[in-house]
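Step one of this worksheet: look at the structure below.
Computed from a prediction, not measured in an experiment: that's the story for all the values here. We count ligands from 1, going down the list as the structure has it; atoms in each ligand are counted the same way.
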Amino acid sequence: MSAKLRSCCEVRFIAAKAGVINCDLSMSKGFDIGLERLTGGAPSARAAESLWTGVGRRRTFFLETFGCQMNDHDSEKVAGVLLSRGYRQVETPEAASLILYNTCSIREKAAQKVFSRLGEYRAKQSEGKIIGVLGCVAQQEGEEIFERAPWVSLVCGSASYRKLPQMLAELEAGNHRVTGLDTDTDETFETEMTRRDNPWRAYLTIIEGCDKACSYCVVPYTRGPERSRASDSILREVRQLAELGYSEVQFLGQTVNSYADPTPRKMRFSELLLAAAEVPGIRRVRFTTSHPSDFTPDIVEAIESEQKICDHVHLPVQSGSTRILRAMQRTYTRDEYLEKIAMMRGAGRPIAITTDVIVGFPGETQSDFEETLSLLDEVQYDGLFSFKYSPRPNTPATTMEDAIPEEEKGRRLAILQDKQREIQSARNAALAGQTFEVLVSGKSRRENQWTGHTSAHRVLNFTSQEKELLGTYVQVLVTGAGPNSLVGEHAV
Ligand code: 5AD
Ligand code: SF4
């Protein structure tokens, strides 16, 4: 397992399984993320050399991941590349010759964490360890990282991971400033080997980057333009995964449903979901994150017609106010968004819907905020990830007037989360008495206690007398519920 320090962004995805996410990120003024505090000497060439080439020393790496599922999966691929080059993964930075840090910059707090962590790694470099920064902060800050944290030897954004083998070779040859900062790549990051963390569910990135231009978001800058992976290559990998014993695949993309097959086959996203579901051995196909503007009826029809396509859609709304949606450049109005919801609610099979909301966007009035609250009442989401607006470098929203005070953002966030907690408590309570299929992913220390996820991605903790259930699919009767999870018993 790669070591992971869960950032708020990542925690929210884990917590998705648990329901309401409390992601109370505070925002400090400006974009200074404290790099100038991190001063230190240039890397010690001799120390590094001996570490790489020293007799009897195996090349080892420690990889820490912050951020979303895309970052998680990128780290799995990075680990695969390193393992195939003879590196061994270790659990602590102390045991590693190469320390890699896969970073997130979606909100300021996430980026700040990276630099405080880099400060901690400073002493490690003087022990001859090689330190690399990957991911969104690497892309955003670029070579600036070398200036301010000279103990870092590798700075590589996600669009350059396919060049990792060359970059590793350069590091191994003693180069102390290796960069991969492409943004205009039209390739995606495919590797011969990916070391996956979860033995039953496999992530698969089908589209990288983002061509939307939401005014608050760094992703188009850090992950570059949208690039879709060839459908035949995706399906080949799904077949390989099924042969390896994975029964659930999760298609990933910042706007996964904007998928545009680059091959002459021109498979639609919904066709890709259906084709993956047909692969022998695959029992569940998930996908995240969907963009409302590209959410078309054929996706709902695919979910309706194929039980293996999970009955869960994560459809970030960001705000319930059309005025704020315009300022956010979200490309849909409140009513257009609600039409997508109506489409899902009209499906022959219930579909769980979760969303993301940003509170305190510049200019958001009390009445705009109340429109977001009323949207929650109207939609009745099954899960919500909520964030205080955090200004990000280079994004148009940073120069917008009428910034909302931090305290007011906090107040709105708390109100929003309280409302959602009530909604979820009621929705979950209404599931008592129903039976769901669960993919069992955990066993509690307590006797006979297991946990897993339903197709709708709800966490279901249940009792069973069975001795071994991990990785299996079982029917569970729901006997109770809280706002964030269900409880039940194995229905035999
Ligand atoms: N401030 C606060 N939240 C943000 N998100 C993206 N950018 C920002 C920002 N600058 C949130 C959005 C997005 C989720 C992944 O993170 O809600 O859907
Ligand atoms: Fe960011 Fe908007 Fe793209 Fe999502 S759709 S990654 S919020 S720019």
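- Proximity of V137 to F66: side-chain heavy atoms (C-beta onward) are nowhere separated by under 4.5 Å.
- If you look at F251 and Y259, their ring centroids are not closer than 6.0 Å.
- In this structure, R223 falls outside the shell of residues with a heavy atom less than 4.0 angstrom from ligand 2.
- Y216 OH, 3.3 Å is the protein heavy atom nearest to atom 7 (S) of ligand 2.
- Using cut-offs of 30° and 60° on the angle between ring planes, the pair H314 and F385 is perpendicular.
- Taking the six-membered ring where the residue is Trp, Y337 and Y332 present tilted rings, their angle falling between 30° and 60°.
- Ligand-side atoms of ligand 1 in range of Q318: 12 (C), 13 (C), 17 (O), 18 (O), range being under 4.0 angstrom from any heavy atom.
- One option in A213, S258, C217, G253 has a heavy atom closer to atom 1 (Fe) of ligand 2 than any other, and that option is C217.
- Among Y216, Y389, F387, the residue whose heavy atom lies nearest to atom 7 (N) of ligand 1 is Y216.
- Counting heavy atoms only, C210 comes closest to atom 3 (Fe) of ligand 2 of the residues G209, P292, C210.
- Using a 4.0 Å cut-off to heavy atoms of D356, the atoms of ligand 1 that qualify are 13 (C), 14 (C), 15 (C), 17 (O), 18 (O).
- Among R458, Q420, Q424, the single residue meeting the side-chain hydrogen bond (donor to acceptor under 3.5 Å, both in side chains) criterion with D382 is R458.
- Between atom 4 (Fe) of ligand 2 and the options K212, R330, M328, R392, the minimum heavy-atom separation is to R330.
- From N257, atom CG reaches atom CD1 of I207 across 8.5 Å, with rounding to the nearest 0.5 Å.
- If you look at K388 next to ligand 1, the close heavy atoms, those under 4.0 Å, all belong to the backbone.
- Every atom of ligand 1 is numbered from 1 in the order shown, and the set under 4.0 Å from a heavy atom of R392 is 10 (N).
- Between H312 and H457, the angle of the ring planes stays under 30°, which puts this pair in the parallel group of the 30/60° scheme.
- Contacts between P220 and ligand 2 below 4.0 angstrom, taking non-hydrogen atoms only, involve the side chain exclusively.
- None of the N, O or S atoms belonging to C214 lies under 2.8 Å away from atom 3 (Fe) of ligand 2.
- Annotation: side chain of Y221 is not in contact with side chain of Q139 (no heavy-atom distance under 4.5 Å).
- K388 places no side-chain N or O within donor-acceptor distance of the main-chain N or O of G360, the cut-off being under 3.5 Å.
- Counting heavy atoms under 4.0 Å from ligand 2, residue T289 does not touch it at all.
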